[in-house]
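Read the structure below first, then the notes.
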Amino acid sequence: MSDPESAVELSGATGDDGVADLARWVGIESVSSDAHRSEDVRRSAGWLADAMRRTGVPRVEIWETEGLPAVYGCWPATDPEAPVLLVYSHHLDGRHRHVRS
């Protein structure tokens, strides 16, 4: 289960509802390099933490840093072959969309 579709299924973000949910997240104008957007970055971190909790991730934390927050989630597995899902996110402002596949 290492392909992107499996990771999306694991996250519970499947179908049109999942895509719409993710679109709401990336629609938050959380530009970390723009000091005027710090509250949006915090809102984005909160969205991700809440989404992880809804998915059932048992350990979710928002880490405060000297700058902006980071989100940490852990779903321990005893199976060394268990899938890993890593979310690394930078957002552009609402006028631009950047999608990589």
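These figures come from a predicted structure and were not determined experimentally.
- Smallest separation of non-hydrogen atoms from P69 and V41: CD-CG1, 4.4 Å.
- Comment: R54 engages D21 in a salt bridge, judged by a side-chain N to carboxylate O separation of less than 4.0 angstrom.
- Listed by first and then second residue, the ring pair (Phe, Tyr, Trp, His ring centres under 6.0 Å) pairs involving residues 43-69 are W25-W47, W63-Y72 (not counting sequence neighbours).
- Between E61 and R59 there is a salt bridge, since a side-chain N of the basic residue sits under 4.0 Å from a carboxylate O of the acidic one.
- For residues 63-81, the set of pairs meeting the salt bridge (Lys or Arg N to Asp or Glu O under 4.0 Å) definition, not counting sequence neighbours, comprises R42-E64.
- Here A49 pairs with R53, V60, I62, V71 under the side chain to side chain contact (heavy atoms under 4.5 Å, CB included) rule; sequence neighbours left out.
- At distances below 3.5 Å, at least one donor-acceptor pair connects side-chain atoms of T65 with backbone N or O atoms of G67.
- The salt bridge (charged side-chain N to carboxylate O under 4.0 Å, His left out) check on D34 picks up nothing, with sequence neighbours excluded.
- P58 pairs by the side chain to side chain contact (heavy atoms under 4.5 Å, CB included) definition with W75, P76, not counting sequence neighbours.
- Rounding to the nearest 0.5 angstrom, the gap separating the CD atom in E39 from the CG atom in L68 is 9.5 Å.
- I28 and S44 get closest at one heavy-atom pair: CD1-CA, 3.9 Å.
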